[in-house]
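Everything below concerns the one structure shown next.
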Amino acid sequence: MNKENIDIKAFDINAKPADIDWKNLVFGYYPTDYNVRCDFKDGKWGDIYVSSSPNIDVHMAATCLHYGQEAFEGLKAYRGKDGKVRVFRMEKNAERFRESAEGICMEPLPVEKFCEMVRMAVKLNARFIPPYGTGASLYIRPLEIGMTPQVGVKAAREYTVVIFVSPVGAYFKTGFKPSKICISRQYDRVAPKGTGRFKIGGNYAASLRSGNLAHDKGYSAMLYLDPKEKKYLDECGPANFFAVKDGKYVTPASDSILPSITNLSLRQLARDMGLTVEERHIGLDELKDFSEAAACGTAAVCSPVLEIDDLDTGDTYVIARDGKPGPVTTSLYNTLLGIQFGEVEDKHNWCEVIE
Ligand code: PLP
Ligand code: COI
């Protein structure tokens, strides 16, 4: 079970940072000290416990290995200018984690348990929280898997939730420099009435081939089209998509995309800036009208788009005409990061300070 006898009170959120080259961190797995776990067994969630092992003991017939019963989340903790550690909108991630679990018939973890586990995972690994000014943050990765051994295709009766953390740098190698993305009608990430709105491993497996194709051709991501008609924009690799058209913030409304918490927040910040926000179908015929566009997500933050290439027709749509991020994207990016790093007033109470 890998249970550690840990007294969390002995841990200090202001622990001396580990000896890491923080500025050159990539977005990847970096081993840390502890992870936090909780098991669902005999019809109930047990006590939260701590492990120092990176391994999970999984039966070879467990449903997570055969039938894809796996859901995950992604959120971040930031060391602010004032030295405080903030976690961004974790209740939203907790709620989405429940929706994803229910979407594939897994037991949903109570929101309060999720939040408590996040607080513990951050505090127990405080020495891995990147110092302010390095541009890095602590990525928090919760996951849930079906543990019951069975061969019939049905949901497990037992589940395990693990939350681990990893210090990370930028997801897109170009950071805030605009990069190219592409469109292809040859691949779908998800089915029209499938599981696209859940954060489950299967969706990401289904995106690997098209993602590799995009990367091999020098694009930072594939911009997926709606899987039914292939007429509308869906989302951008592991991130949502937004554009600026006629001064408005426009972002796809679709049943087959993940409801991004970053996008939700950017829509609010755009409204706060006085912009009109439209969440609606966005047709391919509108690509030519965008003055700005970006991929947005916890990992991607707000990554500006340089151009969109249609791999099937050969058409190219240049978005960042001067090669630089546009004013709306820049302002949204600065405000979002400012809130997360405690430099801009958190008017909507999005951050929780971990003590
Ligand atoms: N869409 C997909 C497919 C993702 O994997 C992510 C990342 O979490 C997002 C969108 C962005 O969601 P969020 O802003 O909640 O991180
Ligand atoms: C995130 O932004 O948190 C994600 O989960 C993206 C990830 C799949 C790298």
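Sequence positions, counted from 1, serve as the residue numbers for this chain. Every value quoted in this text rests on a predicted model; they were computed, and no experiment measured them. In each ligand, atom 1 is the first atom listed, and ligand 1 is the first ligand listed.
Note: Tyr159 and Phe40 have tilted aromatic rings, judged against thresholds of 30 and 60 degrees for the angle between ring planes. Between Phe27 and Tyr139, the ring-plane angle classifies as perpendicular under the 30° and 60° cut-offs.
With Phe72 as reference, Tyr204 is the one residue of Phe97, Phe198, Phe164, Tyr204 to meet the ring-ring contact (aromatic ring centres under 6.0 Å, His included) rule. When the options Thr316, Ile183, Val318 are evaluated for a side-chain contact (heavy atoms from CB on, under 4.5 Å) with Ile308, the one that passes is Ile183.
Only the side chain of Arg141 comes within 4.0 Å of ligand 2, judged by heavy-atom distances. Looking at Ser260 against ligand 1, both its backbone and its side chain come within 4.0 Å, counting heavy atoms.
Taking a 6.0 Å sphere around NZ of Lys180, one finds it holds 12 or fewer heavy atoms contributed by other residues, nucleotides or ligands. Heavy-atom contacts from other residues, nucleotides or ligands closer than 6.0 Å to CD of Glu112 number more than 12. Shown here is Lys92, whose NZ atom has no more than 12 heavy atoms of other residues, nucleotides or ligands within 6.0 Å.
Close N/O approach between Tyr204 and ligand 1 is found [any backbone or side-chain N/O within under 3.5 Å]. Among the atoms of Ala299, none of the N or O lies under 3.5 angstrom from an N or O of ligand 1. Looking at Ala299 next to ligand 2, an N or O pair under 3.5 Å apart turns up. Between Arg189 and ligand 1, a contact under 3.5 Å exists for no N or O pair. For the pair Asn263 and ligand 1, the shortest N or O to N or O distance does not fall below 3.5 Å. Looking at Tyr171 next to ligand 2, no N or O pair under 3.5 Å apart turns up.
The residues Glu235 and Arg189 are annotated as salt-bridged, a charged nitrogen and a carboxylate oxygen being separated by less than 4.0 angstrom. A salt bridge links Arg127 to Asp33: one of the charged nitrogens lies within less than 4.0 Å of a carboxylate oxygen.
Numbered from 1 in the order shown, with element, the atoms of ligand 1 that lie under 4.0 Å from a heavy atom of Arg96 read 12 (O), 13 (P), 15 (O). In the vicinity of Glu235, heavy-atom distances shorter than 4.0 Å reach the ligand 1 atoms 1 (N), 2 (C), 3 (C), 10 (C). In summary, the atoms of ligand 1 found under 4.0 Å from a heavy atom of Gly297, numbered by their order in the structure, are 11 (C), 14 (O), 16 (O). For ligand 2, the atoms sitting less than 4.0 Å from at least one non-hydrogen atom of Gly74 are 3 (O), numbered in the order shown with element in parentheses. Close approach of ligand 1 to Gly237 is summarised as follows: ligand atoms under 4.0 Å from at least one heavy atom of the residue are 3 (C). Within ligand 2, counting atoms from 1 as listed, the ones closer than 4.0 Å to a heavy atom of Phe72 are 5 (O). Remark: ligand 2 atoms within the under-4.0 Å shell around heavy atoms of Tyr204 are 8 (C).
Atom 5 (O) of ligand 2 has its closest protein heavy atom at Lys199 NZ, 2.6 Å. Of the protein's non-hydrogen atoms, the one nearest atom 6 (C) of ligand 1 is Pro238 O, 3.1 Å. Looking only at protein heavy atoms, the nearest one to atom 3 (O) of ligand 2 is Tyr139 OH, 2.7 Å. Atom 7 (C) of ligand 1 has its closest protein heavy atom at Lys199 NZ, 3.2 Å. In this structure, atom 16 (O) of ligand 1 lies nearest to the protein heavy atom Thr298 OG1, 2.6 Å.
Looking at every heavy atom in both residues, Ala214 comes nearest to Met222 through CB-N, 4.0 Å.
Leu75 is not listed as a side-chain neighbour of Phe88, based on a closest heavy-atom distance of 4.5 Å or more.
Distance alone, capped at 3.5 Å, places no donor-acceptor pair between the Thr134 side chain and the Lys23 backbone.
Residue-ligand proximity: Lys92 is placed with every non-hydrogen atom at 4.0 Å or more from ligand 1.
For the residue pair Asp226/Ser254, the side-chain donor-acceptor check at 3.5 Å is not satisfied.
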